[in-house]
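The structure presented is a predicted model; accordingly, all values stated were derived computationally and were not measured. Proteins get letters first, then strands, A, B, ... in listed order; numbering begins at 1 in each.
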There are 2 protein chains.
Amino acid sequence: MSKQSTKTNIIDKADQLFYESGFEHTSFAGIASRVGISRGNFYYHFKSKDEILQAVIDRRLANTQQMLDAWSEEAATPEARIKCFINILIMNRDKIKRYGCPVGSLTNELSKLGHPALAEASSVFTLFKDWLAREFSALGQGREAARLALHLLARSQGIATIASAFDDEDFLYQEAEELNRWLGGYTR
Amino acid sequence: MSKQSTKTNIIDKADQLFYESGFEHTSFAGIASRVGISRGNFYYHFKSKDEILQAVIDRRLANTQQMLDAWSEEAATPEARIKCFINILIMNRDKIKRYGCPVGSLTNELSKLGHPALAEASSVFTLFKDWLAREFSALGQGREAARLALHLLARSQGIATIASAFDDEDFLYQEAEELNRWLGGYTR
DNA sequence: GTCTATATAATGATAGAC
DNA sequence: GTCTATCATTATATAGAC
(Lines give C-alpha, C1' and ligand atoms only; values in the text may rest on other atoms or scores of the structure.)
Protein backbone atom coordinates (compact mmCIF):
# COMPACT_ATOMS: atom_id res chain seq x y z
CA MET A 1 0.00 0.00 0.00
CA SER A 2 1.48 3.32 -1.04
CA LYS A 3 1.80 6.02 1.60
CA GLN A 4 -0.79 8.68 0.93
CA SER A 5 -0.64 12.30 1.90
CA THR A 6 -2.35 13.59 5.02
CA LYS A 7 -4.77 15.60 2.89
CA THR A 8 -5.79 12.52 0.90
CA ASN A 9 -6.06 10.57 4.13
CA ILE A 10 -8.39 13.20 5.60
CA ILE A 11 -10.68 13.06 2.55
CA ASP A 12 -10.64 9.28 2.73
CA LYS A 13 -11.66 9.11 6.40
CA ALA A 14 -14.16 11.98 6.08
CA ASP A 15 -15.77 10.12 3.18
CA GLN A 16 -16.19 7.03 5.37
CA LEU A 17 -17.51 8.98 8.35
CA PHE A 18 -19.98 11.04 6.30
CA TYR A 19 -21.34 7.73 5.05
CA GLU A 20 -21.36 5.88 8.36
CA SER A 21 -22.41 8.71 10.69
CA GLY A 22 -23.83 11.40 8.43
CA PHE A 23 -22.42 14.81 7.51
CA GLU A 24 -23.90 16.80 10.40
CA HIS A 25 -22.99 14.25 13.05
CA THR A 26 -19.39 13.94 11.86
CA SER A 27 -17.09 16.36 13.69
CA PHE A 28 -13.60 17.58 12.87
CA ALA A 29 -12.46 15.91 16.09
CA GLY A 30 -13.87 12.62 14.84
CA ILE A 31 -12.16 12.88 11.47
CA ALA A 32 -8.86 14.00 13.00
CA SER A 33 -9.03 11.17 15.50
CA ARG A 34 -9.55 8.54 12.80
CA VAL A 35 -6.75 10.02 10.67
CA GLY A 36 -4.47 10.19 13.70
CA ILE A 37 -3.74 13.92 13.62
CA SER A 38 -4.65 16.86 15.84
CA ARG A 39 -7.62 19.12 15.26
CA GLY A 40 -5.25 22.02 14.64
CA ASN A 41 -3.49 20.19 11.84
CA PHE A 42 -6.86 19.55 10.23
CA TYR A 43 -7.37 23.26 9.64
CA TYR A 44 -4.10 23.52 7.79
CA HIS A 45 -5.59 21.31 5.07
CA PHE A 46 -9.26 22.38 5.12
CA LYS A 47 -10.53 25.72 6.31
CA SER A 48 -14.18 24.77 6.87
CA LYS A 49 -16.58 21.86 7.01
CA ASP A 50 -18.07 22.86 3.68
CA GLU A 51 -14.62 22.67 2.14
CA ILE A 52 -14.08 19.08 3.29
CA LEU A 53 -17.59 18.21 2.11
CA GLN A 54 -16.74 19.57 -1.32
CA ALA A 55 -13.56 17.50 -1.39
CA VAL A 56 -15.48 14.37 -0.41
CA ILE A 57 -18.05 14.95 -3.14
CA ASP A 58 -15.28 15.52 -5.71
CA ARG A 59 -13.67 12.28 -4.58
CA ARG A 60 -16.96 10.41 -4.92
CA LEU A 61 -17.51 11.85 -8.38
CA ALA A 62 -14.04 10.69 -9.46
CA ASN A 63 -14.45 7.22 -7.90
CA THR A 64 -17.87 6.78 -9.46
CA GLN A 65 -16.65 7.77 -12.91
CA GLN A 66 -13.74 5.36 -12.53
CA MET A 67 -16.10 2.53 -11.58
CA LEU A 68 -18.41 3.26 -14.52
CA ASP A 69 -15.45 3.29 -16.90
CA ALA A 70 -14.30 -0.06 -15.52
CA TRP A 71 -17.78 -1.54 -16.04
CA SER A 72 -17.82 -0.23 -19.61
CA GLU A 73 -14.53 -1.97 -20.24
CA GLU A 74 -15.13 -5.24 -18.39
CA ALA A 75 -18.67 -5.99 -19.54
CA ALA A 76 -19.19 -6.72 -23.22
CA THR A 77 -22.94 -6.08 -23.64
CA PRO A 78 -25.28 -3.30 -22.47
CA GLU A 79 -27.23 -5.90 -20.50
CA ALA A 80 -24.09 -7.09 -18.71
CA ARG A 81 -23.14 -3.50 -17.91
CA ILE A 82 -26.51 -2.64 -16.42
CA LYS A 83 -26.26 -5.83 -14.40
CA CYS A 84 -23.00 -4.50 -12.96
CA PHE A 85 -25.01 -1.58 -11.61
CA ILE A 86 -27.70 -3.81 -10.14
CA ASN A 87 -25.03 -6.01 -8.61
CA ILE A 88 -23.61 -3.27 -6.37
CA LEU A 89 -26.65 -3.86 -4.15
CA ILE A 90 -25.25 -7.34 -3.54
CA MET A 91 -21.56 -6.40 -3.49
CA ASN A 92 -22.13 -3.68 -0.87
CA ARG A 93 -24.92 -5.44 0.99
CA ASP A 94 -23.29 -5.23 4.43
CA LYS A 95 -22.76 -1.47 4.32
CA ILE A 96 -26.10 -0.84 2.62
CA LYS A 97 -27.88 -2.72 5.39
CA ARG A 98 -26.13 -0.60 7.98
CA TYR A 99 -25.98 2.82 6.37
CA GLY A 100 -28.13 2.79 3.25
CA CYS A 101 -26.83 4.20 -0.04
CA PRO A 102 -24.01 6.75 0.35
CA VAL A 103 -25.37 8.95 -2.43
CA GLY A 104 -29.03 8.84 -1.45
CA SER A 105 -28.40 9.35 2.25
CA LEU A 106 -26.12 12.33 1.64
CA THR A 107 -28.49 14.08 -0.78
CA ASN A 108 -31.32 13.41 1.66
CA GLU A 109 -29.40 15.04 4.50
CA LEU A 110 -28.20 18.00 2.46
CA SER A 111 -31.72 18.67 1.18
CA LYS A 112 -32.94 18.92 4.78
CA LEU A 113 -30.08 21.21 5.74
CA GLY A 114 -30.81 23.41 2.74
CA HIS A 115 -27.11 23.00 1.99
CA PRO A 116 -25.84 24.61 -1.24
CA ALA A 117 -23.76 21.49 -2.01
CA LEU A 118 -26.93 19.46 -2.66
CA ALA A 119 -26.68 19.99 -6.41
CA GLU A 120 -23.08 18.79 -6.47
CA ALA A 121 -23.94 15.76 -4.35
CA SER A 122 -26.83 14.95 -6.69
CA SER A 123 -24.46 15.04 -9.64
CA VAL A 124 -23.14 11.65 -8.48
CA PHE A 125 -26.64 10.41 -9.30
CA THR A 126 -26.36 12.18 -12.65
CA LEU A 127 -23.21 10.21 -13.49
CA PHE A 128 -25.11 6.96 -12.91
CA LYS A 129 -28.18 8.23 -14.72
CA ASP A 130 -26.33 9.31 -17.88
CA TRP A 131 -24.25 6.13 -17.95
CA LEU A 132 -27.36 3.96 -17.55
CA ALA A 133 -29.25 5.97 -20.18
CA ARG A 134 -26.44 5.34 -22.67
CA GLU A 135 -26.67 1.60 -22.00
CA PHE A 136 -30.46 1.57 -22.37
CA SER A 137 -30.03 3.42 -25.65
CA ALA A 138 -27.62 0.72 -26.77
CA LEU A 139 -30.38 -1.76 -25.91
CA GLY A 140 -32.57 -0.07 -28.48
CA GLN A 141 -34.60 1.91 -25.92
CA GLY A 142 -33.55 5.26 -27.35
CA ARG A 143 -36.81 7.09 -26.69
CA GLU A 144 -37.27 5.69 -23.20
CA ALA A 145 -33.61 5.45 -22.20
CA ALA A 146 -33.53 8.47 -19.86
CA ARG A 147 -36.75 7.47 -18.15
CA LEU A 148 -35.60 3.86 -17.68
CA ALA A 149 -32.27 5.04 -16.26
CA LEU A 150 -33.93 7.23 -13.65
CA HIS A 151 -36.44 4.48 -12.90
CA LEU A 152 -33.67 1.96 -12.22
CA LEU A 153 -31.83 4.49 -10.08
CA ALA A 154 -34.97 5.06 -8.01
CA ARG A 155 -35.58 1.33 -7.65
CA SER A 156 -32.08 0.78 -6.28
CA GLN A 157 -32.52 3.69 -3.87
CA GLY A 158 -35.75 2.33 -2.47
CA ILE A 159 -34.23 -1.12 -2.04
CA ALA A 160 -31.34 0.38 -0.07
CA THR A 161 -33.68 2.40 2.16
CA ILE A 162 -35.92 -0.54 3.04
CA ALA A 163 -33.05 -3.01 3.48
CA SER A 164 -31.44 -0.54 5.88
CA ALA A 165 -34.60 0.21 7.85
CA PHE A 166 -35.35 -3.49 8.37
CA ASP A 167 -31.74 -4.73 8.33
CA ASP A 168 -32.99 -7.26 5.79
CA GLU A 169 -30.44 -9.01 3.59
CA ASP A 170 -32.91 -11.42 1.99
CA PHE A 171 -34.83 -8.46 0.67
CA LEU A 172 -31.69 -7.15 -1.03
CA TYR A 173 -31.12 -10.43 -2.86
CA GLN A 174 -34.81 -10.78 -3.71
CA GLU A 175 -35.12 -7.31 -5.18
CA ALA A 176 -31.81 -7.48 -7.05
CA GLU A 177 -33.12 -10.63 -8.72
CA GLU A 178 -36.40 -8.87 -9.48
CA LEU A 179 -34.44 -6.01 -11.10
CA ASN A 180 -32.57 -8.50 -13.28
CA ARG A 181 -35.90 -9.98 -14.37
CA TRP A 182 -37.19 -6.51 -15.12
CA LEU A 183 -34.06 -5.79 -17.18
CA GLY A 184 -34.63 -9.06 -19.07
CA GLY A 185 -37.88 -7.58 -20.39
CA TYR A 186 -35.86 -5.00 -22.35
CA THR A 187 -33.24 -7.37 -23.79
CA ARG A 188 -35.44 -10.03 -25.36
CA MET B 1 -59.14 25.49 15.48
CA SER B 2 -59.20 24.05 18.98
CA LYS B 3 -56.57 25.21 21.45
CA GLN B 4 -54.08 22.40 22.01
CA SER B 5 -51.88 21.84 25.03
CA THR B 6 -48.27 23.00 25.09
CA LYS B 7 -47.10 19.40 25.19
CA THR B 8 -49.09 18.49 22.09
CA ASN B 9 -47.87 21.65 20.44
CA ILE B 10 -44.25 20.72 21.15
CA ILE B 11 -44.71 17.26 19.60
CA ASP B 12 -46.40 18.85 16.62
CA LYS B 13 -43.62 21.33 15.93
CA ALA B 14 -40.86 18.81 16.69
CA ASP B 15 -42.46 16.44 14.18
CA GLN B 16 -42.34 19.14 11.51
CA LEU B 17 -38.77 20.15 12.31
CA PHE B 18 -37.45 16.58 12.40
CA TYR B 19 -38.93 16.18 8.93
CA GLU B 20 -37.79 19.49 7.50
CA SER B 21 -34.36 19.77 9.13
CA GLY B 22 -33.54 16.29 10.41
CA PHE B 23 -33.38 14.97 13.96
CA GLU B 24 -29.74 15.83 14.69
CA HIS B 25 -29.92 19.30 13.23
CA THR B 26 -33.09 20.19 15.15
CA SER B 27 -32.28 21.83 18.49
CA PHE B 28 -34.40 22.39 21.57
CA ALA B 29 -33.95 26.09 20.98
CA GLY B 30 -35.39 25.65 17.49
CA ILE B 31 -38.42 23.72 18.69
CA ALA B 32 -39.05 26.08 21.61
CA SER B 33 -38.77 29.05 19.28
CA ARG B 34 -41.34 27.65 16.85
CA VAL B 35 -43.70 26.74 19.69
CA GLY B 36 -43.22 30.16 21.25
CA ILE B 37 -41.98 29.02 24.66
CA SER B 38 -38.66 29.22 26.47
CA ARG B 39 -36.04 26.46 26.46
CA GLY B 40 -36.58 26.00 30.19
CA ASN B 41 -40.28 25.34 29.77
CA PHE B 42 -39.44 22.70 27.20
CA TYR B 43 -37.71 20.57 29.82
CA TYR B 44 -40.82 20.58 31.98
CA HIS B 45 -42.55 18.55 29.27
CA PHE B 46 -39.68 16.45 27.93
CA LYS B 47 -36.58 15.52 29.85
CA SER B 48 -34.33 14.60 26.93
CA LYS B 49 -34.06 14.68 23.16
CA ASP B 50 -34.65 10.95 22.97
CA GLU B 51 -37.91 11.43 24.87
CA ILE B 52 -39.23 13.96 22.38
CA LEU B 53 -38.11 11.68 19.53
CA GLN B 54 -40.11 8.84 21.05
CA ALA B 55 -43.17 11.08 21.34
CA VAL B 56 -42.82 12.13 17.70
CA ILE B 57 -42.56 8.51 16.56
CA ASP B 58 -45.63 7.59 18.64
CA ARG B 59 -47.49 10.46 17.06
CA ARG B 60 -46.49 9.34 13.58
CA LEU B 61 -47.57 5.77 14.33
CA ALA B 62 -50.98 6.98 15.49
CA ASN B 63 -51.43 9.33 12.51
CA THR B 64 -50.38 6.63 10.07
CA GLN B 65 -52.79 4.10 11.54
CA GLN B 66 -55.55 6.68 11.37
CA MET B 67 -54.80 7.36 7.71
CA LEU B 68 -54.77 3.65 6.87
CA ASP B 69 -58.09 3.15 8.65
CA ALA B 70 -59.58 6.03 6.69
CA TRP B 71 -58.39 4.51 3.41
CA SER B 72 -59.88 1.17 4.38
CA GLU B 73 -63.19 2.86 4.96
CA GLU B 74 -63.24 5.28 2.02
CA ALA B 75 -62.03 2.96 -0.73
CA ALA B 76 -64.26 0.05 -1.66
CA THR B 77 -61.83 -2.30 -3.42
CA PRO B 78 -58.29 -3.53 -2.60
CA GLU B 79 -57.10 -1.92 -5.82
CA ALA B 80 -58.59 1.44 -4.86
CA ARG B 81 -57.02 1.18 -1.40
CA ILE B 82 -53.55 0.46 -2.75
CA LYS B 83 -54.00 3.39 -5.11
CA CYS B 84 -54.59 5.58 -2.06
CA PHE B 85 -51.09 4.62 -0.93
CA ILE B 86 -49.55 5.34 -4.33
CA ASN B 87 -51.38 8.65 -4.44
CA ILE B 88 -49.63 10.08 -1.37
CA LEU B 89 -46.62 10.64 -3.65
CA ILE B 90 -48.80 13.10 -5.56
CA MET B 91 -50.69 14.52 -2.58
CA ASN B 92 -47.45 15.32 -0.72
CA ARG B 93 -45.37 16.16 -3.78
CA ASP B 94 -44.23 19.58 -2.59
CA LYS B 95 -42.85 18.34 0.72
CA ILE B 96 -41.43 15.17 -0.82
CA LYS B 97 -39.52 17.23 -3.36
CA ARG B 98 -38.05 19.35 -0.59
CA TYR B 99 -37.51 16.85 2.23
CA GLY B 100 -38.03 13.34 0.85
CA CYS B 101 -40.19 10.83 2.73
CA PRO B 102 -40.54 11.54 6.48
CA VAL B 103 -40.31 7.84 7.36
CA GLY B 104 -37.42 6.92 5.09
CA SER B 105 -35.35 9.97 5.91
CA LEU B 106 -35.76 9.46 9.66
CA THR B 107 -34.88 5.75 9.60
CA ASN B 108 -31.91 6.61 7.40
CA GLU B 109 -30.64 9.17 9.88
CA LEU B 110 -31.23 7.00 12.94
CA SER B 111 -29.44 4.05 11.32
CA LYS B 112 -26.35 6.24 10.83
CA LEU B 113 -26.52 7.51 14.39
CA GLY B 114 -26.81 3.95 15.67
CA HIS B 115 -29.83 5.26 17.57
CA PRO B 116 -31.85 2.70 19.57
CA ALA B 117 -35.11 4.25 18.34
CA LEU B 118 -34.44 2.98 14.79
CA ALA B 119 -36.63 -0.09 15.31
CA GLU B 120 -39.53 2.02 16.53
CA ALA B 121 -39.15 4.44 13.63
CA SER B 122 -39.10 1.51 11.21
CA SER B 123 -42.35 0.26 12.66
CA VAL B 124 -44.10 3.07 10.78
CA PHE B 125 -42.96 1.22 7.67
CA THR B 126 -44.33 -1.97 9.21
CA LEU B 127 -47.79 -0.43 9.52
CA PHE B 128 -47.77 0.36 5.81
CA LYS B 129 -46.28 -3.02 4.94
CA ASP B 130 -48.87 -5.06 6.87
CA TRP B 131 -51.74 -2.95 5.60
CA LEU B 132 -50.55 -3.29 1.99
CA ALA B 133 -49.97 -7.04 2.43
CA ARG B 134 -53.56 -7.45 3.57
CA GLU B 135 -54.80 -5.65 0.46
CA PHE B 136 -52.61 -7.73 -1.85
CA SER B 137 -53.98 -10.83 -0.14
CA ALA B 138 -57.47 -9.58 -0.86
CA LEU B 139 -56.38 -9.26 -4.49
CA GLY B 140 -55.72 -13.00 -4.51
CA GLN B 141 -51.93 -12.64 -4.10
CA GLY B 142 -51.87 -14.53 -0.80
CA ARG B 143 -48.53 -16.23 -1.34
CA GLU B 144 -46.80 -13.13 -2.68
CA ALA B 145 -48.65 -10.51 -0.65
CA ALA B 146 -45.87 -9.74 1.84
CA ARG B 147 -43.23 -9.54 -0.88
CA LEU B 148 -45.40 -7.28 -3.05
CA ALA B 149 -46.11 -5.00 -0.09
CA LEU B 150 -42.43 -4.52 0.68
CA HIS B 151 -41.68 -4.09 -3.01
CA LEU B 152 -44.22 -1.30 -3.35
CA LEU B 153 -42.92 0.33 -0.18
CA ALA B 154 -39.39 0.30 -1.61
CA ARG B 155 -40.57 1.68 -4.94
CA SER B 156 -42.22 4.64 -3.25
CA GLN B 157 -39.10 5.27 -1.17
CA GLY B 158 -36.85 5.34 -4.20
CA ILE B 159 -39.19 7.69 -6.02
CA ALA B 160 -39.13 10.09 -3.05
CA THR B 161 -35.34 9.99 -2.84
CA ILE B 162 -34.76 10.72 -6.52
CA ALA B 163 -37.51 13.35 -6.74
CA SER B 164 -35.92 15.11 -3.77
CA ALA B 165 -32.34 14.89 -5.06
CA PHE B 166 -33.32 16.33 -8.45
CA ASP B 167 -36.24 18.48 -7.26
CA ASP B 168 -38.18 16.80 -10.08
CA GLU B 169 -41.97 16.91 -9.94
CA ASP B 170 -42.50 15.37 -13.37
CA PHE B 171 -40.64 12.29 -12.20
CA LEU B 172 -43.07 11.95 -9.27
CA TYR B 173 -46.09 11.99 -11.57
CA GLN B 174 -44.43 9.68 -14.10
CA GLU B 175 -43.46 7.06 -11.53
CA ALA B 176 -46.79 7.22 -9.69
CA GLU B 177 -48.45 6.43 -13.01
CA GLU B 178 -45.98 3.60 -13.60
CA LEU B 179 -46.86 2.18 -10.16
CA ASN B 180 -50.55 2.27 -11.05
CA ARG B 181 -49.77 0.36 -14.26
CA TRP B 182 -47.74 -2.15 -12.25
CA LEU B 183 -50.65 -2.56 -9.85
CA GLY B 184 -52.97 -3.13 -12.79
CA GLY B 185 -50.97 -6.27 -13.58
CA TYR B 186 -52.24 -7.82 -10.35
CA THR B 187 -55.89 -6.86 -10.68
CA ARG B 188 -56.68 -8.18 -14.14
C1' DG C 1 3.26 20.32 8.38
C1' DT C 2 2.22 19.35 12.82
C1' DC C 3 1.36 20.43 17.38
C1' DT C 4 -0.81 22.80 21.85
C1' DA C 5 -3.55 26.30 23.53
C1' DT C 6 -7.33 29.08 23.17
C1' DA C 7 -11.50 31.90 21.56
C1' DT C 8 -16.33 31.79 20.66
C1' DA C 9 -20.78 30.04 19.97
C1' DA C 10 -24.25 26.55 20.40
C1' DT C 11 -25.95 22.43 22.42
C1' DG C 12 -28.30 19.37 25.82
C1' DA C 13 -29.59 19.79 30.39
C1' DT C 14 -30.52 21.67 35.46
C1' DA C 15 -31.94 24.91 39.36
C1' DG C 16 -34.82 27.82 41.20
C1' DA C 17 -37.93 32.16 41.10
C1' DC C 18 -42.62 33.43 39.91
C1' DG D 1 -46.64 25.81 33.83
C1' DT D 2 -43.65 29.14 32.48
C1' DC D 3 -39.84 31.87 33.01
C1' DT D 4 -34.61 33.47 33.67
C1' DA D 5 -30.17 32.17 34.87
C1' DT D 6 -26.70 28.99 34.70
C1' DC D 7 -23.66 24.72 33.93
C1' DA D 8 -21.01 21.36 31.43
C1' DT D 9 -19.89 19.81 27.06
C1' DT D 10 -19.05 19.99 22.40
C1' DA D 11 -18.50 22.26 18.05
C1' DT D 12 -16.24 25.18 14.57
C1' DA D 13 -12.47 27.92 14.14
C1' DT D 14 -7.95 30.70 15.10
C1' DA D 15 -3.12 31.91 16.98
C1' DG D 16 1.18 30.87 17.54
C1' DA D 17 5.17 27.66 19.02
C1' DC D 18 8.06 24.02 17.06
Atom-to-atom span, [atom1] of [X] to [atom2] of [N] - whole angstrom:
X       : N      : atom1 : atom2 : result
A:Asn9  : C:dT2  : CG    : C1'   : 14 Å
B:Phe42 : D:dC3  : CZ    : P     : 13 Å
A:Glu51 : D:dT12 : CD    : P     : 14 Å

With A:Lys95, which residues qualify under side-chain contact (heavy atoms from CB on, under 4.5 Å), at least two apart? A:Tyr19, A:Glu20, A:Tyr99
Can you list everything that forms a side-chain contact (heavy atoms from CB on, under 4.5 Å) with B:Glu79? Sequence neighbours excluded, please. B:Thr77, B:Lys83, B:Leu183, B:Thr187
Partner of A:Thr64 by side-chain contact (heavy atoms from CB on, under 4.5 Å), out of A:Asp69, A:Thr126, A:Leu127: A:Leu127
Quick one: side-chain hydrogen bond (donor to acceptor under 3.5 Å, both in side chains) partners of A:Glu109, sequence neighbours excluded? none
By side-chain hydrogen bond (donor to acceptor under 3.5 Å, both in side chains) - contacts of A:Asn180 (at least two apart): none
Review item, side-chain donor-acceptor pairs of residues 10-18 of chain A, under 3.5 Å, at least two apart:
residue : atom : partner : partner atom : Å
A:Asp12 : OD1  : A:Arg59 : NH1          : 3.3
A:Asp12 : OD1  : A:Arg59 : NH2          : 3.0
A:Lys13 : NZ   : A:Asn9  : OD1          : 2.8
A:Asp15 : OD1  : A:Arg60 : NE           : 2.8
A:Asp15 : OD1  : A:Arg60 : NH2          : 3.0
A:Asp15 : OD2  : A:Arg59 : NE           : 2.9
A:Gln16 : OE1  : A:Arg34 : NH1          : 3.3

Respond yes when some side-chain nitrogen or oxygen of B:Tyr44 is under 4.0 Å from OP1 or OP2 of D:dT2, and no when none is. no
How would nucleotides 4-18 of chain C be written as a contact map, 5' to 3', with B for base contact, S for sugar-phosphate-only contact and - for no contact, using protein heavy atoms under 4.0 Å? B------SBBB----
